[in-house]
Amino acid sequence: MPERDAFAWTTMVSSHARVGDMSSARILFDEMEERNITTWNTMIDGYARLGNVESAELLFNHMPTRDIISWTTMIDCYSQNKKFGEALAVFNDMRMKGISPDEVTMATVISACAHLGALDLGKEIHLYILQNGFDLDVYIGSALIDMYAKCGALDRSLLVFFKLQDKNLFCWNSAIEGLAVHGFAKEALAMFSKMEREKIKPNGVTFVSVLSSCTMQGLLKKAVGDFQA
DNA sequence: TTAGGGTTAG
């Protein structure tokens with residue numbers, strides 16, 4: 001039952017990779033007689049998280065077959081390591097091979113677009129999501145809100161925010177920050193109040209936007225009060 | 001919870 005062995009070995013590889021021990025993961029990986037796509041994907045992601053882009057690339061380029069998770073993991077590897085141009089290049093490669101992105105791929109790519117200010121590609125992916133009936137979940141939603149805001153399209157950013165059914169802290173933070181950096185301090189603070197009324201607990205990212213909005217409004221005391229509550 | 005990928009900032 002080789003597939004069963006591969007499953008058990010991959011579980012061990014994964015447990016090392018999860019804690020960042022890629023040396024131990026690698027020893028097991030090299031000793032394995034039967035590897036499957038999951039084994040390769042686990043290794044690539046493990047290297048990506050440690051910032052070892054070269055090792056991730058090497059495995060990605062040498063793996064026998066790739067699935068959508070392999071592609072997304074490699075795109076995210078570049079993105080996590082601030083190589084956003086490379087992330088989009090891999091996404092392009094993937095599309096050229098006729099492989100369709102899923103929700104996870106799209107959230108990752110939209111985030112890379114935000115960092116690069118790549119509004120056209122971001123819009124294209126947004127359209128693709130709408131036209132293909134993909135679920136606009138909190139990952140894609142917050143990535144879109146952030147991407148539009150960073151690309152200077154605050155109207156589109158807020159449109160996505162208000163149309164989004166379920167919003168988590170990431171969605172709220174992205175919208176509040178978008179308002180704050182575009183100088184809409186009053187609106188950012190109003191949105192922060194609405195977030196509190198909806199029982200979403202703020203974090204340090206929220207704090208940065210609220211603080212800058214309060215500063216713009218000359219309300220530094222309010223900022224301190226908000227975060228002591 | 002049961003082998004693998006995703007969102008804000010820094």
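In what follows, every chain begins at residue 1, and chains take the letters A, B, ... in the order their sequences are listed.
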Out of [options], which nucleotide sits closest to the side chain of [X]?
X	options	answer
Thr10(A)	dG5(B), dG6(B), dA3(B)	dA3(B)
Ser14(A)	dA9(B), dG5(B), dA3(B)	dA3(B)
Asp76(A)	dA9(B), dG6(B), dA3(B)	dG6(B)
Thr108(A)	dG5(B), dG6(B), dT8(B)	dG6(B)
Asp102(A)	dT8(B), dG5(B), dA3(B)	dG5(B)

How close do Ser24(A) and His16(A) get, counting heavy atoms only, and between which atoms?
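That would be CB-ND1, 3.5 Å.
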
Tell me which residues in [range] lie within less than 4.0 Å of DNA chain B, going by non-hydrogen atoms.
range	value
residues 162-171 of chain A	Asn168(A), Phe170(A)
residues 124-143 of chain A	Asp137(A), Val138(A), Tyr139(A), Ile140(A), Ser142(A)
residues 17-31 of chain A	Arg18(A)

Report all side-chain donor-acceptor pairs from residues 25-34 of chain A shorter than 3.5 Å, counting only partners two or more places apart or in another chain.
unit_1	atom_1	unit_2	atom_2	d
Arg26(A)	NE	Asp30(A)	OD1	3.2
Arg26(A)	NE	Asp30(A)	OD2	3.4
Arg26(A)	NH1	Tyr47(A)	OH	3.2

Taking OP1 and OP2 of dT8(B), is either one under 4.0 Å from a side-chain nitrogen or oxygen of Ser111(A)?
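For dT8(B), OP1 or OP2 has a side-chain N or O of Ser111(A) closer than 4.0 Å.
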
Describe the nucleic acid contact of Ile145(A) in one word from base, sugar-phosphate, nothing, applying a heavy-atom distance below 4.0 Å.
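Nothing: the residue Ile145(A), judged by heavy atoms under 4.0 Å, touches no strand.
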
Any donor-acceptor pair under 3.5 Å from Ser157(A) side chain to Ile145(A) backbone:
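The answer is yes, because a donor-acceptor pair under 3.5 Å joins these two groups.
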
Would you say Thr11(A)'s side chain and Phe7(A)'s backbone share a donor-acceptor pair under 3.5 angstrom?
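A pair under 3.5 Å: yes.
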
Show every donor-acceptor pair shorter than 3.5 Å between a side-chain atom in residues 126-140 of chain A and any protein atom, with sequence neighbours excluded, or say none if there are none.
unit_1	atom_1	unit_2	atom_2	d
His126(A)	ND1	Tyr148(A)	OH	2.7
Asn132(A)	ND2	Tyr128(A)	O	2.7
Asp137(A)	OD1	Tyr139(A)	N	3.1
Asp137(A)	OD1	Ile140(A)	N	2.9

Does CD in Gln165(A) sit with more than 12 non-hydrogen atoms of other residues, nucleotides or ligands closer than 6.0 Å?
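Counting neighbours around CD of Gln165(A), 12 or fewer heavy atoms of other residues, nucleotides or ligands fall under 6.0 Å, so no.
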
Could you give all pairs that pass the ring pair (Phe, Tyr, Trp, His ring centres under 6.0 Å) test and reach residues 69-109 of chain A, with sequence neighbours left out?
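The answer is Phe60(A)-Trp71(A), Phe84(A)-His115(A).
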
